[in-house]
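Residue numbering restarts at 1 for every chain, and letters A, B, ... go by the order of the sequence lines.
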Amino acid sequence: MSVEQLKDKSETDYNIEELAEELTNGPDWLTDQRRNSQKVFNDTPVPRRGLHLWRYTDPYQFLFNREKMTETEVSANHASVEKTAVSQFKENNTSCLAIDLSGREIKISGAENFQKDGLVVSSLSRAVTSHPELVEKYLYQLVGNKTGKFEAMNGALWHDGVFIYLPDGKQLEKPLHILHDAGRENSSSFPRVLIVVGKNSELTVIDEYSGGSTDSEKGISYSNGVVEIFGEQDSRTRYVFLQRQASAIKSYYTYRSQIERGASMLTIALSFGGALTKQNFGITLNGPGAESTIYGLLFGTDRQHFDNHTIHQHSAGQTRSDIKFKVVLRDKSVSAYTGLIRIEHDAKTCEAYQENRNLLLNKGTRAETIPELEILNEDVSCSHGATIGPIDPDMVFYLTSRGLSKSEAVRTIVSGFVADILKLLPDDLKQRISGFVEQRLENI
Amino acid sequence: MTERKPLFEFKNVHVKVDETEVVNGVSLKIYPGETHAIMGPNGSGKSSLANALMGNPSYTITKGEVYLDGENMLEMEPDKRSLAGLFLAFQYPLPIPGVTVANFLRSAVKARRAKDDDMSDFRKTLKAEMDGLSIDHPFAARYLNDGFSGGEKKRIEILQLAMLKPKMALLDETDSGLDIDALKIVAQGINRFHSDKNGILLITHYQRMLNYVKPDFVHVMMRGKFVKEGGPGLAMELEEKGYEWVEQETAQKVEV
Ligand SMILES: Nc1ncnc2c1ncn2[C@@H]1O[C@H](COP(=O)(O)OP(=O)(O)OP(=O)(O)O)[C@@H](O)[C@H]1O
Ligand SMILES: [Mg+2]
């Protein structure tokens, strides 16, 4: 199904029909949320091209004909990806592993070891009955049917997802790993993750998105995902988002988190895969002393298209946010980055920093950077900066003058460019990610 | 007796930067074991010459020849010149964020060895050379020149010299930015490196450095040309009389 075919259709062709029966199972509040989302999706026009956040990406790319989509088996490389995840778990690099097969099946390992701490790692569908108050209290609260048309699409159609709850005063030493598989060509998936980190608790989550079509001739696959994370008072959360999907998938992801008084949140967003990826990372600093840091890294090759947004929403005073978003592009890949810092009128003495750096490895790549500041009071310290350009030829000369070949010099400089982000990752993940980076620097 | 061959030689070299000729025909022969110094006022083309000899693509050699040990340098990219034994210690070493001193040096040393050569001696050698230059070991884990002080950068340049052991070292103002003690340490490092097999071409503004690293010849460069040559005494004379004196002298020569 090509984009052109999609465009020929009228918008009503993309209506979400009556919800499938399995989606209306569960409590009434959930069915209501789904029905509302369905209605919002159907009633909301497709965002017009050129409007805010849609300047660089065609929204029709994320609409697809549901009837043509199948519920496929797992993706071609899933077996090997799952094997890696399982061995990481068995080697004790991760504490728990949740495998999400396009929302059709959620497999959890390791949660039982932490039951005494009250840790819950479960499929969302089970959590709805096992922890009804918790799920109802948090689900749809950060990303609901008011967030936007595509978020409503997920809200109506998510099949199953992953629920993580860490009660107050607990620390999980090793990261918890979620692995989502998007299926094969002509498949669609709607991953959904809900994470609640209790007061004064500490949690690291690696949220990995894999799979999808490997061949656009055979068919595209689609993924539309939502992540909601709550960091309660004085909690410390590290969240690694890893998108390493196959080459013929179109993905739309919305991630929102809200952190309360004294809580800290480190978000590391790593993007390598997909044909077309739109990602929106938003964090609300909701209590004094809250601190959020986002490190972004994306590496585009071939004709990959990335469109990223970040939002740091300072709703409370004495909050601090920092963003470093790094982009490396080669071949004919493109990236657009829009970074919004919003500081409310009553949120005094905030600090907010934002930096977007784009390294273009050859002509033919394109990067855009759009800083947005909505600062409604004067008592803040705020800075933003952006750079777009090729590797400094003087750096290359310095390294080649010591005997490194030109391509080795380029690889060294790019590895250096991403080093401050990789440094933050656990060792085993760091190795995998530097592997992805090295792979993308082959034959440079 | 066999004829003595120069280790490093350049003939009638012209260098262009941004369409401007900044070096207008300079020649020099350096024999094994020799130390030469180039002195000259700011902007006279010393760094441009050094960069062009090393193959910096911003500095085009429009005319002339350059040989190291009989090999034509102008046919080689900078990395090949380096592997052939040429080295330039930069006047302003560039920061390379995210690349540690140790990893960088490991790659540079590895480039000189056979593919599957054992590198297990590397750490030990690096530590020994760092000790020799009074560089604290944690520096090995720092990002190359990133946030280094002026003097620290210069020491790390000489550390690179010590690790790579080139045949011919071009040292561009390695003395500037160094305090009195550091100057001595760096000069000792250069002298440890120096042997009767290799050559040194030292660019400097100050006699002070030449007290430690003794030149066999001093060349004065002005406006892109070598205008005067002498022994170590010339540097002293320059210190005393300044470049104006050379200028007057050469002007007189032209008149004659
Ligand atoms: N990369 C460059 N781009 C433009 N002009 C340059 C560049 N490098 C050198 N020049 C110019 O070439 C001339 C010679 O500069 P060079 O740096 O070679 O002088 P120098 O003798 O090393 O001076 P100093 O003693 O101050 O280090 C100067 O006029 C300088 O402005
Ligand atoms: Mg100079």
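- If you measure heavy-atom distances from B:L144 to chain A, the contacts under 4.5 Å come from the side chain alone.
- At a 4.5 Å heavy-atom cutoff, the contact between B:P95 and chain A is made by backbone atoms alone.
- Here the shortest heavy-atom pairing between B:S82 and A:G403 reads OG-N, 3.1 Å.
- A 4.5 Å side-chain heavy-atom check between A:M395 and B:P97 finds at least one atom pair inside the cut-off.
- Looking only at side-chain heavy atoms (C-beta outward), B:F104 and A:L399 come within less than 4.5 Å of each other.
- For the residue pair A:L404 and B:D79, the shortest heavy atom distance occurs at O-CB, 3.1 Å.
- With values rounded to the nearest 0.5 angstrom, A:D394 atom CG is found 13.5 Å from B:Y92 atom OH.
- Both the backbone and the side chain of B:L94 come within contact range of chain A, each with at least one heavy atom under 4.5 Å from a heavy atom of that chain.
- For A:Q431, the CD atom counts as loosely surrounded, since its 6.0 Å shell holds 12 or fewer non-hydrogen atoms of other residues, nucleotides or ligands.
- Heavy atoms of other residues, nucleotides or ligands lying less than 6.0 angstrom from NZ of A:K332 number 12 at most.
- For B:Y59 and A:F397, the ring centers sit 6.0 Å or farther from each other.
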Could you pull out all donor-acceptor pairs under 3.5 Å where a side-chain atom in residues 66-73 of chain B meets a protein atom, sequence neighbours excluded?
from: B:Y67; atom 1: OH; to: B:E65; atom 2: OE1; distance (Å): 2.8
from: B:D69; atom 1: OD2; to: B:K167; atom 2: NZ; distance (Å): 2.9
from: B:N72; atom 1: OD1; to: B:L74; atom 2: N; distance (Å): 2.9

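- Pairing each heavy atom of B:G98 with each of A:A419, the nearest pair is O-CB, 3.6 Å.
- Surrounding NZ of B:K127 are at most 12 heavy atoms belonging to other residues, nucleotides or ligands under 6.0 Å away.
- Within 6.0 Å of CZ on B:R192 lie more than 12 heavy atoms contributed by other residues, nucleotides or ligands.
- Annotation: maximal heavy-atom pairing with chain A below 4.5 Å, among B:A84, B:P57, B:A108, B:A111, occurs at B:A108.
- Looking only at side-chain heavy atoms (C-beta outward), A:Y398 and B:P93 come within less than 4.5 Å of each other.
- More than 12 heavy atoms of other residues, nucleotides or ligands shown are found within 6.0 angstrom of CZ on B:R113.
- With a 4.5 Å cut-off on non-hydrogen atoms, B:N51 touches chain A through its backbone and its side chain both.
- Heavy-atom distances place the side chain of B:S58, and not its backbone, under 4.5 Å from chain A.
- Checked for salt-bridge contact, A:R402 and B:E157 meet the test: a charged N lies under 4.0 Å from a carboxylate O.
- Counting heavy-atom neighbours within 6.0 Å of A:R244 CZ, excluding the residue itself, gives a total above 12.
- Minimum heavy-atom separation, A:I413 to B:I96: CG1-CG2, 4.5 Å.
- How far CZ of B:F90 is from OG of A:S401: 3.5 Å, rounded to the nearest 0.5 Å.
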